[in-house]
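Atoms considered below: every heavy atom in the structure, side chains included; atoms not considered: hydrogens, waters and symmetry mates.
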Amino acid sequence: MKKNIKKELYKVHANTYLLMIKTHNYHWNVKGMNFQSLHSLFELFYNEYVLAVDTIAEHLRSSGEIALGSSKEFLEHTSIEEGNSRLKDKDMLKDLLTSEEQHIKDLEKLIKLSEKDAATADLATERVQVHKKHYWMIKAHLE
């Protein structure tokens with residue numbers, strides 16, 4: 001795997017893991033009038049991310065690379081900030097919106113770099129579709 005593709009794939013892996021942790025954190029800590037809808041939304045997201053992290057790790061392994069596996073490694077490679085348990089529900093949504101937007105940019109960069117690596121391009125294309133849907137869902141909650 002080319003070095004620049006590997007770097008971006010590690011970023012996507014780390015971002016997905018951080019999004020999983022962040023949405024799980026928000027799922028546990030959300031409160032207020034929108035509790036039920038956001039609690040359910042965050043659960044939907046983190047369950048999807050659990051599967052995605054595994055898919056990305058398996059893609060890395062099948063490409064001859066090592067999958068990230070420690071908090072330190074994930075934090076070294078991510079472009080997404082960790083969540084804050086004390087945020088209000090609306091601020092949790094804004095934080096997730098910012099994270100999704102960054103992750104979509106990173107996925108689109110990976111797609112461009114992977115022109116000659118169909119498996120990686122397909123994986124990134126599938127992931128960007130999911131994250132664009134999540135972005136839309138979060139934005140709809142904020143309107």
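- Under the 3.5 Å distance criterion, the side-chain polar atoms of Thr78 are left unmatched by any main-chain donor or acceptor of Phe74.
- A 6.0 Å sphere centred on CD of Glu43 holds more than 12 heavy atoms belonging to other residues, nucleotides or ligands.
- One N or O on the side chain of Lys22 and one on the backbone of Glu81 form a donor-acceptor pair closer than 3.5 Å.
- Side-chain polar atoms of Asp117 and Thr120 form a donor-acceptor pair below 3.5 angstrom.
- If you take OH on Tyr17 and OG on Ser70, they are separated by 9.0 Å, rounding to the nearest 0.5 Å.
- The aromatic ring centroids of His134 and Phe45 lie less than 6.0 Å from each other.
- Panel note: side chain Ser62, backbone His59; a donor-acceptor pair is recorded below 3.5 Å.
- Using a distance-only test at 3.5 Å, with no hydrogens or angles considered, a donor-acceptor pair links the side chain of Asn29 to the main chain of Asn25.
- In this structure, Leu113 and Ile5 approach most closely via the heavy-atom pair O-CD1, 3.4 Å.
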**Item:** side chain to side chain contact (heavy atoms under 4.5 Å, CB included) evaluation trace for Lys139 with Glu143
**Value:** CA-CA 6 Å; Lys139 196 167 183 177; Glu143 290 180 359; 3.9 Å; yes
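- Linking Ile, Leu, Val, Met, Phe, Trp and Tyr whenever their side-chain heavy atoms come within less than 4.5 Å leaves Val130 and Val50 in two separate clusters.
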**Item:** Trace of the side chain to side chain contact (heavy atoms under 4.5 Å, CB included) decision for Thr125 with Leu107
**Value:** CA-CA 8 Å; Thr125 300; Leu107 284 161; over 6 Å; no
**Request:** Please test Lys94 against Ile138 for side chain to side chain contact (heavy atoms under 4.5 Å, CB included), starting from the C-alpha separation and ending with a verdict.
**Result:** CA-CA 8 Å; Lys94 288 178 182 177; Ile138 295 165; over 6 Å; no
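- Of all the heavy atoms in Ala57 and Ala67, the pair that sits closest is CB-CB, 3.8 Å.
- In terms of modelled atom types and a separation under 3.5 Å, the side chain of Glu101 and the main chain of Leu97 share no donor-acceptor contact.
- With a 4.5 Å cut-off on side-chain heavy atoms, Ile66 and Leu60 do not count as touching.
- Going from atom CG of Leu18 over to atom CD1 of Ile80 covers 6.5 Å, rounded to the nearest 0.5 Å.
- Scanning for salt bridge (charged side-chain N to carboxylate O under 4.0 Å, His left out) contacts around Asp89 gives an empty result, with sequence neighbours left out.
- Applying the salt bridge (charged side-chain N to carboxylate O under 4.0 Å, His left out) rule to pairs touching residues 54-65 yields Lys6-Glu65, sequence neighbours excluded.
- Rounding to the nearest 0.5 angstrom, the gap separating the OH atom in Tyr26 from the OG atom in Ser85 is 7.5 Å.
- With rounding to the nearest 0.5 Å, the separation of CE in Met1 from OG in Ser63 is 3.5 Å.
- Neither side chain, Asn84 nor Asp95, offers a donor N or O lying under 3.5 Å from an acceptor on the other.
- The closest side-chain donor-acceptor pair between Thr98 and Gln102, if any, does not fall under 3.5 angstrom.
- The CG atom of Leu68 lies 5.0 Å from the NE2 atom of His77; values are rounded to the nearest 0.5 Å.
- Met92 and Met33 fall into different hydrophobic clusters, where Ile, Leu, Val, Met, Phe, Trp and Tyr are joined by side-chain heavy atoms under 4.5 Å apart, directly or via other members.
- The hydrophobic clustering, which links ILVMFWY residues whose side-chain heavy atoms are closer than 4.5 Å, places Trp136 and Ile104 together.
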**Request:** Begin with the C-alpha distance, continue with both residues' side-chain angles, and end with the deciding distance and a verdict on ring pair (Phe, Tyr, Trp, His ring centres under 6.0 Å) for Phe42 and His24.
**Result:** CA-CA 7 Å; Phe42 297 155; His24 212 161; over 10 Å; no
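- With Tyr49 as the partner, the ring-ring contact (aromatic ring centres under 6.0 Å, His included) test is satisfied by one option alone out of His13, His103, His131: His131.
- Counting heavy atoms from C-beta outward, Met137 and Leu44 have side chains that approach closer than 4.5 Å.
- One finds the OG atom of Ser40 at 11.5 Å from the CG atom of Asn34 (value rounded to the nearest 0.5 Å).
- One hydrophobic cluster, built from ILVMFWY side chains closer than 4.5 Å, holds both Ile21 and Leu19.
- Counting only residues at least two apart or on different chains, the salt bridge (charged side-chain N to carboxylate O under 4.0 Å, His left out) pairs with a member in residues 126-136 are Glu48-Arg127, Glu108-Lys132.
- By the rule that hydrophobic residues join a cluster once side-chain heavy atoms approach within less than 4.5 Å of another member, Tyr10 and Ile111 end up as members of one cluster.
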